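The structure appears below as structure tokens.
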Amino acid sequence: MTQNTPIEKSQIVDLHCHSHYSDGSLSPEELLDWAKNLKIEILAISDHDTIEGVQSLRKMREELSLNVIPAVEISTKWQQLEIHIVGLNIDPNNEELIQFLETQSQLRSERANQLIEKIEHHLNVSETRLKLNQVVKGKIICRSHIAQLLVNEGLAVDSRRAFEKFLRKGKILEVKSFWPEMEQVINVIHKAGGVAVLAHPSRYKTGNSRLTKLIVSFKQAGGEGMELSYPGLQPHQQRRLIRLARENELLASQGSDFHHPYQKWANIHQVIPIPADIPRVWTDFSHRSLLSN
Ligand code: AMP
Ligand code: MN
Ligand code: MN
Ligand code: MN
């Protein structure tokens with residue numbers, strides 16, 4: 001792709017993917033090969049609370065052959081709910097963002113320490129720290145790594161059931177997280193030159209009226225876009241989100257939330273399309289793709 005080519009609406013776009021720098025299983029390079037095979041033309045690598053994957057690609061950007069958007073999925077809090085905000089087209093050299101993500105990483109490590117203690121105490125697992133280090137590939141420790149550890153120990157048959165049995169609200173490994181407020185996170189994304197996108201809005205434990213309030217708050221705090229197309233989103237849910245996007249003048253984003261090649265559903269070709277008249281968040285991203293920097 002030539003530099004500074006404007007991005008067309010019809011291009012195949014996936015703006016939400018994880019590498020092994022957070023809880024995905026592919027390296028950023030493997031993720032790019034995967035994306036190329038799927039004919040994806042614009043890909044955002046949006047790891048949980050880290051841009052290490054994006055930074056690793058910057059070192060070899062002359063070898064890239066698809067448009068990679070630097071991104072990050074940040075864990076935040078809004079009214080005691082855990083909300084994920086994707087920062088798209090961020091500057092990976094922005095010092096404030098780098099410092100902020102360092103703090104997020106520390107919060108995750110402290111939470112992991114609490115979980116290790118609980119696992120050893122309640123579930124009688126030995127050498128938990130060592131076992132956790134074996135499943136974590138970068139600096140970021142996610143609950144999905146803990147779930148994998150529990151699966152490896154034979155305590156659950158798969159990750160989903162490990163969450164159900166141990167990690168979700170009310171279960172033995174529930175830990176309170178201390179994520180920063182949504183508004184603060186949106187500000188950090190803006191300071192790093194990025195745009196803030198509300199990730200997978202239908203997945204939060206809200207009823208319809210609380211979801212509406214969340215989206216209004218997100219817009220008031222300066223948020224620019226929201227995901228309107230992603231795996232698991234049902235047509236009736238998408239219709240509601242489209243209405244809310246229009247009412248709040250939010251741009252559309254879309255992403256597979258890819259984590260692993262064996263997760264067959266995490267494929268951007270299988271999601272429901274976004275109506276053509278809704279403005280896309282990615283239309284003017286070419287200025288900060290890794291190819292054009
Ligand atoms: P964390 O951000 O560390 O709390 O981890 C959340 C991650 O765990 C999400 O990004 C998902 O990848 C994964 N996850 C959350 N809930 C479930 C679930 N019920 N089953 C499987 N994976 C889950
Ligand atoms: Mn994840
Ligand atoms: Mn998420
Ligand atoms: Mn995600």
Side-chain angles (χ1 to χ4, degrees), residues 14-26 31 43-54 69 71-77 80-88 101 103-116 118-119 132 135-152 155-171 173-180 182 185 196-205 226-227 229-233 253-268 271:
D14 190 342
L15 299 179
H16 188 150
C17 289
H18 296 271
S19 79
H20 70 197
Y21 282 93
S22 64
D23 57 350
S25 50
L26 301 185
L31 188 55
L43 180 85
I45 299 183
S46 58
D47 277 308
H48 296 288
D49 296 311
T50 183
I51 50 173
E52 277 184 289
V54 169
I69 305 294
V72 60
E73 181 178 20
I74 304 181
S75 294
T76 81
K77 185 179 70 184
Q80 305 312 316
L81 273 181
E82 194 174 311
I83 303 295
H84 290 179
I85 307 290
V86 177
L88 289 176
L101 295 176
T103 308
Q104 291 286 93
S105 165
Q106 280 166 17
L107 289 174
R108 286 181 169 277
S109 296
E110 284 162 25
R111 186 183 61 166
N113 291 342
Q114 289 176 34
L115 284 165
I116 285 170
K118 281 188 173 188
I119 292 169
L132 185 60
V135 292
V136 176
K137 299 214 181 68
K139 283 197 305 190
I140 290 292
I141 311 174
C142 297
R143 286 183 306 156
S144 22
H145 295 123
I146 301 282
Q148 186 58 49
L149 181 153
L150 298 172
V151 172
N152 294 349
L155 291 163
V157 291
D158 59 25
S159 191
R160 187 179 60 80
R161 270 167 273 207
F163 267 88
E164 266 169 32
K165 228 168 132 180
F166 301 107
L167 288 154
R168 76 182 172 120
K169 203 165 178 214
K171 300 293 177 181
L173 298 180
E174 181 194 358
V175 282
K176 296 269 174 281
S177 40
F178 315 99
W179 302 124
M182 182 171 76
V185 170
V197 167
L198 182 63
H200 42 66
S202 64
R203 286 198 205 148
Y204 306 116
K205 299 270 177 288
M226 85 171 153
E227 291 182 351
S229 187
Y230 48 88
L233 182 69
S253 188
Q254 62 182 36
S256 63
D257 206 0
F258 176 87
H259 283 76
H260 314 288
Y262 57 80
Q263 261 181 337
K264 294 270 185 293
W265 52 267
N267 179 334
I268 201 64
V271 299

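Sequence positions, counted from 1, serve as the residue numbers for this chain. What you see is a predicted model; the values in this text were computed from it and never measured. Both ligands and their constituent atoms are indexed starting at 1 by order of listing.
Inter-residue side-chain proximity for V86 and S253 is flagged as unmet; no heavy-atom pair is nearer than 4.5 Å. In this structure, V197 and L15 have side chains that are not in contact, with every pair of non-hydrogen atoms separated by 4.5 Å or more. L167 has its side chain within reach of L173: a pair of non-hydrogen atoms, C-beta onward, lies under 4.5 Å apart. The closest side-chain heavy-atom distance from Y21 to I140 is not below 4.5 Å. By the 4.5 Å heavy-atom criterion applied to side chains, W179 and R111 are counted as neighbours. Contact of the R143 side chain with the H48 side chain is not registered, since no non-hydrogen atoms from C-beta on lie closer than 4.5 Å. Annotation: side chain of H259 is not in contact with side chain of S25 (no heavy-atom distance under 4.5 Å).
Electrostatic pairing of R160 and E164 counts as a salt bridge here, judged by a charged N lying under 4.0 Å from a carboxylate O.
Protein heavy atom at the shortest distance from atom 2 (O) of ligand 1 is R108 NH2, 3.0 Å. In terms of protein heavy-atom proximity, atom 11 (C) of ligand 1 is closest to D23 OD2, 4.0 Å. Shortest contact from atom 3 (O) of ligand 1 to any protein heavy atom: R111 NH2, 2.6 Å. F163 CE1, 3.3 Å is the protein heavy atom nearest to atom 23 (C) of ligand 1.
Of all the heavy atoms of R168, none lies under 4.0 Å from any atom of ligand 1, so neither backbone nor side chain is involved.
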**OP:** Please assess H145 against D23 for the test side-chain hydrogen bond (donor to acceptor under 3.5 Å, both in side chains), listing each intermediate value before the final yes or no.
**Re:** CA-CA 7 Å; H145 295 123; D23 57 350; over 6 Å; no
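Shown in contact with H48 at under 4.0 Å from a heavy atom are these atoms of ligand 1, numbered in order with element: 10 (O). Per-residue contacts place C142 under 4.0 angstrom from the following atoms of ligand 1 (heavy atoms of the residue considered): 3 (O).
Note: angle at the Mn ion (ligand 4), from OD1 of D257 to OE1 of E73, is 170° (rounded to 10 degrees). The NE2 atom of H48 and the OD1 atom of D23 meet at the Mn ion (ligand 2) at an angle of about 80°, given to 10°.
Checked by distance only, ligand 1 and S75 stay at 3.5 Å or farther apart across all their nitrogen or oxygen atoms. Residue-to-ligand polar distances place R143 within reach of ligand 1: an N/O pair is separated by less than 3.5 Å.
Inclusion of C17 in the first shell of the Mn ion (ligand 4) is not supported: no N, O or S atom falls under 2.8 Å. One of the N, O or S atoms belonging to H18 lies under 2.8 Å away from the Mn ion (ligand 4). When distances to the Mn ion (ligand 2) are checked against a cut-off of 2.8 Å, C142 contributes no N, O or S atom below that limit.
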